[in-house]
Amino acid sequence: MKYFSVVDVNEYCFTPAVEQGELVLTPGGCTECSTLPHGARPPETLRVLNHRSNAILAYTCWGFGIISDQLLQLLSGHWQNDLFVGTLCDGHGRVIDGLHTYLARERVILRGGEQSQHHLCGVCGALIYTYLPRNSSPYVAPEQVATARGIYEGNHSELVISQSLREQIGDRWSNQIRFCEVRVSEPCDGLPATIGDWLSPEVRASYHSNEA
């Protein structure tokens, strides 16, 4: 089985409508690394001052992404089970048609070779992982996708979708989103196959960071 990460290639403007000095906080995320607890959802309603209505897929610094109805329709049959979605509103509280916030129900860590960098967050203990080399194709271990979902979430809120969904989407938005193959392969970074955001007690007991 092959998977593909879906990456947005355009810059979109979604300015949150918050009081001066306040921030849009990642829902339930760590204050240090923003890693989310399992089952976290995006805000039920997010007010934004500016928006681009032609966005297909956009990633934010808030710990969740923004997705269009057009893409959701092409992911029909999977997104209802694999994604949590919320509503976007304009600065006056009116619903913005065609766009939603999203988080995947399940996240996978995209992995690399032995030089990949990883450490545990000093606040929440989550595994922070950067796959290297960056010019190589990332992969996931078979155990990471054992649930055989059609849609996962990658390291930076990007969607990771099955090959069949990649074929459903086609190349209709080639100027707005691109796809990168994510192989399913045995790990070659020296870490166990089953790593996730939080290590099991057994793995944690023998874990060693490779970052200074």
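Residue numbers count from 1 along this sequence.
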For L72, what are the other residues in its hydrophobic cluster, where any two members join if their side-chain heavy atoms are less than 4.5 angstrom apart? F4, V6, I56, L57, Y59, I67, L71, L74, L75, W79, L83, V85, Y102, I151, L159, I161, L165, I169, W173, I177, F179
With side chain to side chain contact (heavy atoms under 4.5 Å, CB included) as the criterion, how do L88 and T101 come out once you've worked through the C-alpha distance, each side chain's angles and the decisive distance to 0.1 Å? CA-CA 7 Å; L88 279 178; T101 56; 4.0 Å; yes
Sub-3.5 Å donor-acceptor pair from the side chain of Q176 to the main-chain atoms of N54, do we have one? yes
Check: W198 and T35 side chains under 4.5 Å, non-hydrogen atoms: yes
Within 6.0 angstrom of R178 CZ, more than 12 heavy atoms from elsewhere: no
Taking the side chain as every heavy atom from C-beta outward, state whether R149 and S162 have any atom pair closer than 4.5 Å. no
If you define the side chain from C-beta out and look only at heavy atoms, does anything of V48 sit under 4.5 Å from I96? yes
Answer with yes or no whether the hydrophobic clustering places Y139 together with V160; edges join I, L, V, M, F, W, Y residues whose side-chain heavy atoms lie under 4.5 Å apart. no
Side chain to side chain contact (heavy atoms under 4.5 Å, CB included) partner of S5, chosen from C180, S137, P138: C180
Above 12 or not: heavy atoms from other molecules or residues under 6.0 Å from CD of Q163? yes
If you measure from CZ on R105 to CD on E153, what distance do you get to the nearest 0.5 Å? 12.5 Å
Between V184 and A141, what is the shortest heavy-atom contact and its length? CG1-C, 4.2 Å
Rounded to the nearest 0.5 Å, what's the gap from CG on L103 to CZ on F64? Could you check? 7.5 Å
Please give me the minimum heavy-atom distance between S185 and R183, naming the atom from each residue. CB-NH1, 3.6 Å
Determine, for R166 against D171, whether the closest basic-nitrogen to carboxylate-oxygen distance falls under 4.0 angstrom. yes
Supply the atom-to-atom distance F14 CZ to I66 CD1, rounded to the nearest 0.5 angstrom. 4.0 Å
Which pair of heavy atoms, one from S136 and one from P133, lies closest together, and at what distance? OG-O, 2.6 Å
Check: T87 main-chain N/O paired with H100 side-chain donor or acceptor under 3.5 Å: no
Polar contact flag, side-chain donor to acceptor under 3.5 angstrom, Y152-T147: yes
Side-chain touch V108/Y3, heavy atoms, less than 4.5 angstrom: no
Inter-residue atom distance Q144.CD - E106.CD, 0.5 Å rounding: 10.0 Å
Run the side-chain donor-acceptor check on residues 109-127: report pairs under 3.5 Å with partners two or more places apart or on a different chain.
from, atom 1, to, atom 2, distance (Å)
R111, NE, D189, OD2, 3.0
R111, NH1, P192, O, 3.2
R111, NH1, A193, O, 3.1
R111, NH2, D189, OD1, 3.0
R111, NH2, D189, OD2, 3.4
R111, NH2, L191, O, 3.2
R111, NH2, P192, O, 2.9
S116, OG, G113, N, 3.3
S116, OG, G113, O, 3.0
S116, OG, Y129, OH, 3.4
S116, OG, L132, N, 3.0
S116, OG, L132, O, 3.2
H118, ND1, Y207, OH, 2.6
H119, ND1, E211, OE1, 3.0

